[in-house]
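These notes concern the structure reproduced below.
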Amino acid sequence: MLFGYIMRKIHFLMNYNRTQHEENRKAHQEDTESKTETGKDLSQNLNTLEAMLSDSSDLKVHSFRTGPDKSLSGALVYFDGMVNNTTLTQAIMRPLMAWNGENTHLPTGKGRGNLLDVLAQEVLNVASACPVQWMEELVSGCLSGHTILLLEDCPGGLDINTEGWEHRQITEPQSETVVRGPREGFTEDLRTNITMLRRKIRSGQLHVEQMNMGEKTRTAVSLLYLKDVADPRVVKTVKTRLDLLDLDSVLESGYLVEYIEDAPFSLFSTVGYSEKPDVIAARVLEGRVAVLVDGTPFVLTAPMLFVESFQTAEDYYARPLYSSLIRLLRFIAYLMTIFLPAVYIALTVFHQELVPTQLLFTFANAREGTPFPASVEVTTMMFTYDILQEAGIRLPRPVGQAISIVGALVMGEAAVEAGLVGAPTVITVALTAVTSFLIPMQNNSTYILRYIMIALASFAGIYGISMGLLSLLIHLASLTSFGVPYFDGLSWTRNLQDSVARMPLWTMTRRPKYIAHGDIKRRHFFVPPRPYSEEEGEEGGPEGDST
Amino acid sequence: MTVSGMRFRRTRFRRITAAVLLSFLIPAALSGCWDSRELNELFIVTGVSLDKADNSDEMNIAFQIGKPEAKGSVAPGGGGSTEEKPTLLVRSTSDTVSGAVLDIDRDSSRTLMLDHNQAVLIGSDLAKQGGIRDHLDLFLRDEETRMEALIMVVDGHAEKLLTADTGEDRISGVYLWRMMEKLSQTSPYYHVRLKDFVSRLLEQATSPVAPVVTLTRMNDKDRIKIVGLAVFKGDRVIGRLDNQNVPGYLWAMGDVKRGRFKTRSESGTAEIEITNLDCKRDVTLREDGSVQVKLNVDASAIVGELKGFQGFTPDGLMTYLMAASRNEIRNAIVNTFDIVRDLNSDIYGIGMSVYRKYPREWRKMKKQWDKIFPETELDVKVRVRIPSTGQVVESLEMGVDQN
């Protein structure tokens, strides 16, 4: 309650700042939204455009002459590498060169204003070409890989979509590998990612909204949700929060998370993420909103619940009994990875009477001759492990192996041999490390919580640990994610079909109550599928075959 | 607006800070085990022995300490250090146990930790002298000690048991614990822990018992043997039940899960194994003020071993065995009861049974229980079932023709 109180207060302060920001931003926007109009003079237009794109060397300007008797001069402006060369030559250059004014509705009279329309509609072989009037629009088109066509004596320009840059192929995601299940992962390309989701959910209700974020980067961000399932309130919250953002750059979806979280100072993330289209599709089908950011394979989903960290895609692909067991294992591992080192300290330093005699002697044997107190020993080893892990992640793979050898032999074996640390400490730290890999979604929080618990246990033993556990539970129970209680799906009153245990799919007849809205029904009957039997068929069952 | 906003925020911030600080301070005010003790600063006590000292007012108190073997320090000589004793014995002479603890703590680099004490051993001399009630006070009062610790009487000096090297367990305290743990499967009344002993002392009418152990040598190894049950009167030992009399006591108490007895006759010897034995007790107060105790023993047994019994049919044999077992159990109970009655020490808790049934009358009887108990009459009814003969039906001799 106290934590919740503090968090709410901090939240209030944050919002207080935010509203001020918003006012500033609006004023700022109004200032900058003065627009430059394109003139009639081609060379002047070109000069302005180049100046606005800061005369970059990769900006290509291709002048050409076309039309009846090659009487029209014009220019194509694009960034080298951002456009698809085939489209450029086949669909734009070739028709332009071949066009001599025949078979088209050439505007008569002086005004050449709609000549661009004629080009777009009758000459060019492209799907998307629209005439624009403002210089700023031309600039932003150019920056997103479009080709700009300018004509002499013609105000405005033609913005032709020729996007085509190199991007990574769809590969198996590195962060979430599966034994069973689809192996494709998102790429850095927003279009590809949306396509992957659309292919999974072929519903007309799948709604995609596009926006650009970051004043400098103008990163494309897409909101994706099922119109008939997602809670409109959540959608609105996500949208408002995204609209309020005051960012100059968005290089990864993590940039957004910090801005749209419910509790920015909490250890726990209240926005989910995944690199796998099937996972995101499943969450969207449960009524969540997905936020796709161009340039990263990590897609955000909101709202996020605590149980989500313990659910993996494979839980639903494997059989329910096995999945439930594994999920239980994950919960145990979660508790272990937070509390194991703390409990070890508490037992050896404070509550020796709780340890069975034989085990106490084993502990005592290990502690005999080690120079540091148990808490220092555990903290140091934990710290060392974290250093090793960090070193292993950042290093190139061949060097990484050296790290693991150093870690295993030098830190583990040698430290025990030399009598610097006891073997139980090493085992504790190793178990803590291994168990943390079972819940990668919560790694951010467990990492810090572990040290907090170690500190509490070193000062007050089990008593400290229970104080820590209590405040942790209070905090977790008071957290919300986009208005949805973070602990929903674990609380007793709600449907628990998909929490600690994973019930068979046919029991989950409804989408999660706390997230989905509107079209809540997922399946029609709460009955296990029965194999077709001959007798029923003869009696005229629904699947009866008269032949 | 900004000024008031700032002030508003500052007071908020102060409140939040205060709340955070308080949340850490409040638990500090609550009580708890605050003292952190590193394992390598402790003496883990695994056994305590109390012996009579030369000076009659004092006791020789010894603590057995499990010695941890340091992993890191490798002996320079090689394997020479493996012969080191696994335990350490620290002694002190004092009139109280806590006095001894203080003495030892003062003169040593480590602190005695009584949390894992396995057994309190009392020398037979001290046990006969009495006053154990006072000696046990520390073990009850201190929050560190365990009420689970065993209590035992040792024939002769208790201290020598703490240095015993049985070759089975490194630490004899742990050895004793395991031995008694195993015996408690036979009957829970064999396994006398501090709390059992003390609760009997507090009941007053019921007298405590404690197993008697002794140390012998066999094949260059020490052997710890249980020789019987010491019978207390108050907190003083007044007699002993030998090993052959102990079953009679245990069976009368009931709740036996395992046991063995032999029936011998001209036709053959049978070893019967008890698998379950229950005993229901009923007391009746007679008009003349004496007490009659009715014991209803209900036992299940299996045949352990058969010798002889030529010419018996399997059915006849079973009938015979059941009758023999009945007699055997009844005799054992009655014999032991006679011994106990002679000692005039109510180790059965018959007084408590009377109290439960006749609470009003018990008020008067309480003071004269010493006079009433020896007059108690015992009536034992035994029912034995032998549902199984084991894996073979007949003994090898049974099939042999009598000719």
Side-chain angles (χ1 to χ4, degrees), chain A residues 1-3 5-7 9-10 12-13 16-17 20 345-358 360-377 415-424 456-464 466-468 470-471 474, chain B residues 1-2 5 8-9 11-13 15-20 22-24 26-28 30-46 65-74 86-87 110-111 113-118 143-146 148-149 169-171 173-174 177-178:
Chain A
M1 231 167 81
L2 191 61
F3 262 88
Y5 174 79
I6 295 166
M7 282 302 156
K9 291 306 160 195
I10 291 169
F12 168 77
L13 294 178
Y16 184 70
N17 287 341
Q20 274 193 337
I345 291 174
L347 285 185
T348 51
V349 181
F350 285 90
H351 314 284
Q352 289 98 351
E353 69 274 8
L354 290 182
V355 187
T357 310
Q358 289 296 314
L360 187 73
F361 274 111
T362 315
F363 283 167
N365 288 351
R367 294 283 302 128
E368 196 65 24
T370 54
F372 303 113
S375 48
V376 175
E377 205 176 286
V416 175
E417 273 301 311
L420 279 175
V421 293
L456 286 171
S458 324
F459 287 119
I462 293 278
Y463 184 69
S466 37
M467 286 304 288
L470 217 62
S471 15
I474 291 169
Chain B
M1 182 235 155
T2 44
F8 176 64
R9 239 190 280 177
T11 49
R12 286 278 159 187
F13 183 72
R15 268 200 220 168
I16 292 165
T17 332
V20 171
L22 264 180
S23 67
F24 283 100
I26 289 169
L30 300 168
S31 70
C33 296
W34 275 107
D35 45 340
S36 72
R37 308 169 296 180
E38 289 291 335
L39 273 177
N40 45 15
E41 295 163 8
L42 291 175
F43 269 153
I44 304 168
V45 175
T46 50
I65 288 146
K67 214 166 34 170
E69 324 148 84
K71 259 267 168 65
S73 59
V74 180
T87 56
R110 302 191 180 203
T111 321
M113 184 185 73
L114 292 170
D115 291 326
H116 282 273
N117 184 20
Q118 308 285 321
E143 65 267 19
E144 240 184 36
T145 52
R146 265 186 201 197
E148 299 279 306
D169 263 298
R170 285 176 63 238
I171 299 160
V174 177
W177 174 263
R178 289 204 178 146

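Numbered from 1 within each chain, the chains take letters A, B, ... in sequence-line order. Since we're looking at a predicted model, the values are computed, not measured.
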So, the part of B:Q118 with a heavy atom under 4.5 Å from chain A: the answer is side chain

In short, B:H116 meets A:V355 closest at the heavy-atom pair CE1-O, 2.6 Å

- Query: Would you find a donor on one side and an acceptor on the other, under 3.5 Å apart, between the side chain of A:Q352 and the backbone of B:R37?
  - Reply: yes

Whatever's closer than 4.5 Å to a heavy atom in chain B on A:T370 counts as both

Could you check if a side-chain atom of B:L39 sits within less than 4.5 angstrom of a side-chain atom of A:L360, using non-hydrogen atoms only? yes

Should the pair B:E38-A:R367 be classified as a salt bridge under the 4.0 Å nitrogen-to-oxygen rule?
yes

Q.
Do B:I171 and A:F361 make a side-chain contact, defined as non-hydrogen atoms from C-beta onward lying under 4.5 Å apart?
A. yes

dist A:E353:CD -> B:L114:CG (nearest 0.5 Å) comes out at 12.0 Å

